[in-house]
Number of protein chains: 2
Amino acid sequence: MELETRYEAEPGSVRPGGRTARVRAAVLRAAEDVLAEQGFAHLDLADVARRAAVGKTTVYRRWGTVANLVADLLADMAEQSVPRTETGSLLGDLTANARLVQRTLTDPRQVALFKAVIAAATWDTRTAQALRRFYDIRVNEWAPCVQQAIDRTEIPPDTDPREVIRAVSAPLYYRLLISGEVLDQAAADRAAAAAVAGARAGVYRRDGDRGSA
Amino acid sequence: MELETRYEAEPGSVRPGGRTARVRAAVLRAAEDVLAEQGFAHLDLADVARRAAVGKTTVYRRWGTVANLVADLLADMAEQSVPRTETGSLLGDLTANARLVQRTLTDPRQVALFKAVIAAATWDTRTAQALRRFYDIRVNEWAPCVQQAIDRTEIPPDTDPREVIRAVSAPLYYRLLISGEVLDQAAADRAAAAAVAGARAGVYRRDGDRGSA
DNA sequence: CCGCTAATGGAACTAGAGACCCGTTATGAG
DNA sequence: CTCATAACGGGTCTCTAGTTCCATTAGCGG
């Protein structure tokens, strides 16, 4: 992105008050609308500028590319933290997590955004980084419930909590992106159950020794 | 794609011999090269035509869009069937499958192609269909090894074989597309072990009753 | 409240992806 | 072998995403 050197991608810190923040909010909102209504393929910065009632130049100056805009959208979303519920059992906690993911990936607005981000992340490094940061945060938020299951001796003590959380999400994203099967609550519950089964069998232990043999 | 009505996307069946086949092969090969070298973002049909030493018009006439080209590339690849090994145990078979997927998603040329296809599939319906056909074929090829495990009473009789196979792939694709963690053989083995653990626990049974409680 | 200047916005400009015209090549049926 | 025509290809045109220029607006330090 040679844009980064030519312009300031982010207004940085010099004068981020009032108007700048307003413009950013309007543009992100408009981008979200376009994504939800017409999808990633029609996401054109000039069009976003028009909808946001903002100068085309401004959008190109501050974001420059579709990938940057989409990455910023994700960063914005990452700030809204979702509270984690506690049910007292690993299966209960992971099911809650799986259903949360499933609801997210079923909501038309959100699914459009996530598909766009994931697509952009396959070819744009900056977007890929933003995506990983986002999921790092999410995974860290949920990892404690696996630790609690370890403390309750539900699962082996050297289980990697983050790996278990990721195991819950994986089949759901697989459905969304690859197989295209319906993402219903049953799928979510199955994902959670599978993660629990794996954890109990010692699949997600930190050392190389895999259980289940 | 109103192109479909204006041109013939596929030459169909009238005269597919010699030259037409040669052109198709050259274009697909060139597209693969561009993907591997410069990635999806730089995949320009005119450039592909130049590399393939083929008229730009021909490429636009027969494929029309980047998504179509990429979908055709995948369809071409789907025809090369990979032989399935049989090890005598479910874990052995699924590990072989997982390692095959892992090798595919590690090979630079193939990974570029798969990322491009998956990205295109998030916004192009035809590509999404091609993608699902591809994995339908692959899943069907491997499902029998799960059926054999059922016959050996390794896992519950009402296990859905296709769901087990998909469970093996899901974490690997998750790493590739989302978390960005390294896709090594250990990850593949873990994916296989997790699928076995889930299958044994009855997670992938056809009815609604999930095991593992 | 004033003024400096960061940030925005309109408008004209440019480049290149993709569409189209029409002449040329060579496949495959008879 | 011959010929009708399916399929290819060069050249040109169009349209629009992205860039640049410069005038205008409005944060924010004083």
Side-chain angles (χ1 to χ4, degrees), chain A residues 1-31 34-35 38-70 72 120 123-124, chain B residues 1-31 34-35 38-70 72 120 123-124:
Chain A
M1 314 277 96
E2 79 279 351
L3 275 173
E4 249 50 37
T5 60
R6 193 148 38 204
Y7 301 121
E8 289 186 288
E10 287 292 307
S13 47
V14 184
R15 197 183 278 180
R19 186 166 58 167
T20 296
R22 215 153 44 236
V23 165
R24 185 179 122 107
V27 168
L28 292 187
R29 173 66 195 277
V34 175
L35 273 182
Q38 317 195 299
F40 186 52
H42 292 82
L43 187 57
D44 162 39
L45 296 199
D47 183 40
V48 169
R50 212 174 310 123
R51 285 175 178 245
V54 154
K56 185 173 77 158
T57 312
T58 300
V59 175
Y60 277 104
R61 189 161 33 214
R62 287 186 50 185
W63 287 277
T65 67
V66 171
N68 278 337
L69 179 55
V70 153
D72 197 20
W123 48 265
D124 182 77
Chain B
M1 315 282 99
E2 77 280 348
L3 276 172
E4 249 50 39
T5 59
R6 195 145 39 204
Y7 300 121
E8 288 187 290
E10 285 294 306
S13 47
V14 183
R15 198 183 279 181
R19 185 167 57 167
T20 296
R22 214 151 45 234
V23 164
R24 186 180 122 108
V27 168
L28 291 187
R29 174 67 195 277
V34 175
L35 274 182
Q38 318 195 299
F40 187 52
H42 292 82
L43 186 57
D44 161 40
L45 296 200
D47 183 40
V48 169
R50 212 175 309 122
R51 284 174 178 246
V54 154
K56 186 172 77 159
T57 312
T58 300
V59 175
Y60 277 104
R61 189 163 31 214
R62 285 188 52 187
W63 287 277
T65 68
V66 171
N68 278 336
L69 178 57
V70 154
D72 197 21
W123 48 266
D124 181 77

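Every chain is numbered from 1 and lettered A, B, ... according to where its sequence line falls, protein lines coming before strand lines.
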Exercise. Using a cut-off of strictly less than 4.0 Å between a heavy atom of the residue and any atom of DNA chain D, enumerate the qualifying residues of residues 46-56 of chain B by number.
Key: B:V54, B:G55, B:K56
If I take atom [atom1] in residue [X] and atom [atom2] in nucleotide [N], what distance separates them, rounded to the nearest angstrom?
| X | N | atom1 | atom2 | answer |
| --- | --- | --- | --- | --- |
| A:L45 | D:dT19 | CG | P | 9 Å |
| B:W63 | C:dG18 | CH2 | P | 15 Å |
| A:R19 | C:dT5 | CZ | C1' | 11 Å |
| A:R22 | C:dG9 | CZ | P | 10 Å |
| A:N68 | D:dG18 | CG | P | 12 Å |
| B:L43 | C:dG18 | CG | C1' | 14 Å |
| A:L69 | D:dG18 | CG | P | 11 Å |

Quiz prompt | Degree of bending, the helix from C:dC1-D:dG30 to C:dG30-D:dC1 (end axes from five pairs; round to 10°) | solution = 50°
Practice problem: May I ask you to test the A:T65-A:V70 pair for a side-chain heavy-atom distance under 4.5 Å? | Solution: no
Quiz item: With no hydrogens and no angle check, is any side-chain donor or acceptor of A:R62 less than 3.5 Å from a backbone partner on A:T20?
Solution: yes
Exercise. Look at the side chain of B:Y60 and decide which nucleotide, out of C:dG18, D:dT20, C:dC20, has an atom nearest to it.
Key: C:dG18
Quiz item: Which nucleotide, D:dA17, C:dG9, C:dA17, lies nearest any side-chain atom of A:D44?
Solution: D:dA17
Quiz item: Can you tell me how far the NZ atom of A:K56 sits from the CG atom of A:D44, to the nearest 0.5 Å?
Solution: 8.5 Å
Quiz item: When rounded to the nearest 0.5 angstrom, what is the spacing between CG in A:L69 and OH in A:Y60?
Solution: 10.5 Å
Practice problem: Over all heavy atoms of both residues, which pair between A:A26 and A:A52 is shortest? Give the atoms and the distance, please. | Solution: O-CB, 3.6 Å
Quiz prompt | Considering all heavy atoms, the nearest A:V48-A:L43 contact | solution = CG2-CD1, 3.7 Å
Exercise. Check B:T58, B:D72, B:N68 against B:W63 for a side-chain hydrogen bond (donor to acceptor under 3.5 Å, both in side chains) and give me the one that passes.
Key: B:D72
Practice problem: For B:R51, enumerate each residue passing the salt bridge (charged side-chain N to carboxylate O under 4.0 Å, His left out) test, keeping only those at least two apart in sequence or located in another chain. | Solution: B:E37, B:D47
Practice problem: Kindly say if A:T20 contacts the phosphate of C:dA7, meaning a side-chain N or O under 4.0 Å from OP1 or OP2. | Solution: no
Quiz item: Any donor-acceptor pair under 3.5 Å joining the side chain of B:R61 to the base of D:dG9?
Solution: yes
